[in-house]
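Heads up: the structure comes next, in structure tokens.
Keep in mind that what you see is a predicted model, and the values were worked out from it rather than measured.
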Amino acid sequence: MNNNIPQTILQQLGGNKFIAMTGAKNFATNGHDLSFKIGRNPKGFTHCRITLNSLDLYDMTFIRIRKCQIVEEREWVMVYADKLNTIFEGQTGLRTSLEVSHA
């Protein structure tokens, strides 16, 4: 198992710029994923988990935690690395960089 997977996921999201733009904090990992709390956002998600799957693609889970209970989850599977930011922005309403997207 590669211990660089969480660092790679964070770099693909944008590293420190991603953290500053989204208010991401409380990072955790089990070795093949990256979980973190995100700042206030219009969609109300409180956490995100990104997992490297067996096909070398990512699964993203967006979670709302209220009163110690998971209220709602939204999951995206088989995500390419270059789509992580687009999906994150679409699900949370938070910008991940100052660059203008041409999508």
Side-chain angles (χ1 to χ4, degrees):
M1 184 175 293
N2 188 348
N3 290 332
N4 292 326
I5 292 172
Q7 291 95 349
T8 301
I9 293 170
L10 183 57
Q11 289 300 13
Q12 289 171 333
L13 288 168
N16 289 333
K17 291 178 185 176
F18 173 82
I19 293 170
M21 293 291 293
T22 63
K25 60 185 178 181
N26 300 337
F27 292 89
T29 184
N30 66 7
H32 67 277
D33 72 354
L34 180 67
S35 299
F36 51 92
K37 181 171 177 32
I38 55 178
R40 273 196 155 177
N41 60 83
K43 308 289 178 104
F45 290 111
T46 60
H47 293 77
C48 180
R49 180 176 53 243
I50 302 172
T51 305
L52 182 66
N53 66 30
S54 61
L55 298 175
D56 215 20
L57 297 173
Y58 295 104
D59 298 333
M60 296 180 76
T61 305
F62 295 90
I63 303 165
R64 287 186 184 124
I65 298 178
R66 294 229 168 41
K67 297 182 181 178
C68 298
Q69 299 213 357
I70 295 175
V71 175
E72 183 178 332
E73 292 187 29
R74 185 149 309 147
E75 186 171 25
W76 290 74
V77 295
M78 310 296 254
V79 177
Y80 287 95
D82 63 343
K83 297 297 181 192
L84 290 173
N85 285 10
T86 304
I87 292 172
F88 186 89
E89 288 181 0
Q91 291 302 301
T92 64
L94 296 173
R95 296 283 311 270
T96 59
S97 75
L98 293 174
E99 297 175 15
V100 177
S101 87
H102 299 294

- Evaluate the side-chain proximity of F88 to C48: yes if any heavy-atom separation is below 4.5 Å, no if none is. yes
- With R40 via side chain to side chain donor-acceptor pair (under 3.5 Å) - residues at least two apart: none
- Note on the structure: Here the gap from I5 atom CD1 to T8 atom OG1, rounded to the nearest 0.5 Å, amounts to 7.5 Å
- Message: Can you list everything that forms a side-chain contact (heavy atoms from CB on, under 4.5 Å) with I70? Sequence neighbours excluded, please.
- Response: I63, I65, E73
- Task: For the pair H47 and F62, evaluate side-chain contact (heavy atoms from CB on, under 4.5 Å) and give the outcome as yes or no after the intermediate values.
- Result: CA-CA 6 Å; H47 293 77; F62 295 90; over 6 Å; no
Give every donor-acceptor pair under 3.5 Å between a side-chain atom in residues 52-60 and any protein atom, sequence neighbours left out.
from, atom 1, to, atom 2, distance (Å)
N53, OD1, L55, N, 2.9
N53, OD1, D56, N, 3.4
N53, OD1, L57, N, 3.1
N53, ND2, D59, OD1, 3.1
Y58, OH, Q12, OE1, 2.6
D59, OD1, M78, N, 3.1

- Note on the structure: In short, P6 meets G31 closest at the heavy-atom pair CD-O, 3.8 Å
- Determine yes or no for a side-chain-to-main-chain donor-acceptor pair under 3.5 angstrom, with N41 supplying the side chain and G44 the backbone. yes
- Go through the structure and list residues passing side chain to side chain donor-acceptor pair (under 3.5 Å) with T96, not counting sequence neighbours. N85, E89
- Query: Can you name the residues that form a ring-ring contact (aromatic ring centres under 6.0 Å, His included) with Y80, not counting sequence neighbours?
  - Reply: none
Let me have the donor-acceptor pairs involving side chains of residues 14-25, under 3.5 Å, with sequence neighbours excluded, atom names and distances please.
from, atom 1, to, atom 2, distance (Å)
T22, OG1, F18, O, 2.7
T22, OG1, A24, N, 3.4

- Note on the structure: Exactly one candidate in V79, I9, T29, L10 meets side-chain contact (heavy atoms from CB on, under 4.5 Å) with I50; the answer is I9
- Query: Do any pairs count as a side chain to side chain donor-acceptor pair (under 3.5 Å) and have a residue in residues 60-69, sequence neighbours left out, and if so which ones?
  - Reply: R64-E72
- Task: Check whether any side-chain heavy atom of R74 sits under 4.5 Å from a side-chain heavy atom of F45, and report yes or no.
- Result: yes
- Message: Quick check: closest heavy atoms across K43 and G93, and the distance to 0.1 Å?
- Response: CG-N, 4.1 Å
- Item | Distance, nearest 0.5 Å, that separates CD1 of I87 from OG1 of T92 | 11.5 Å
- Message: When you compare the side chain of H32 with that of T51, does any pair of heavy atoms fall below 4.5 Å?
- Response: yes
- Query: Rounded to the nearest 0.5 Å, how far apart are CZ of F27 and NZ of K37?
  - Reply: 12.0 Å
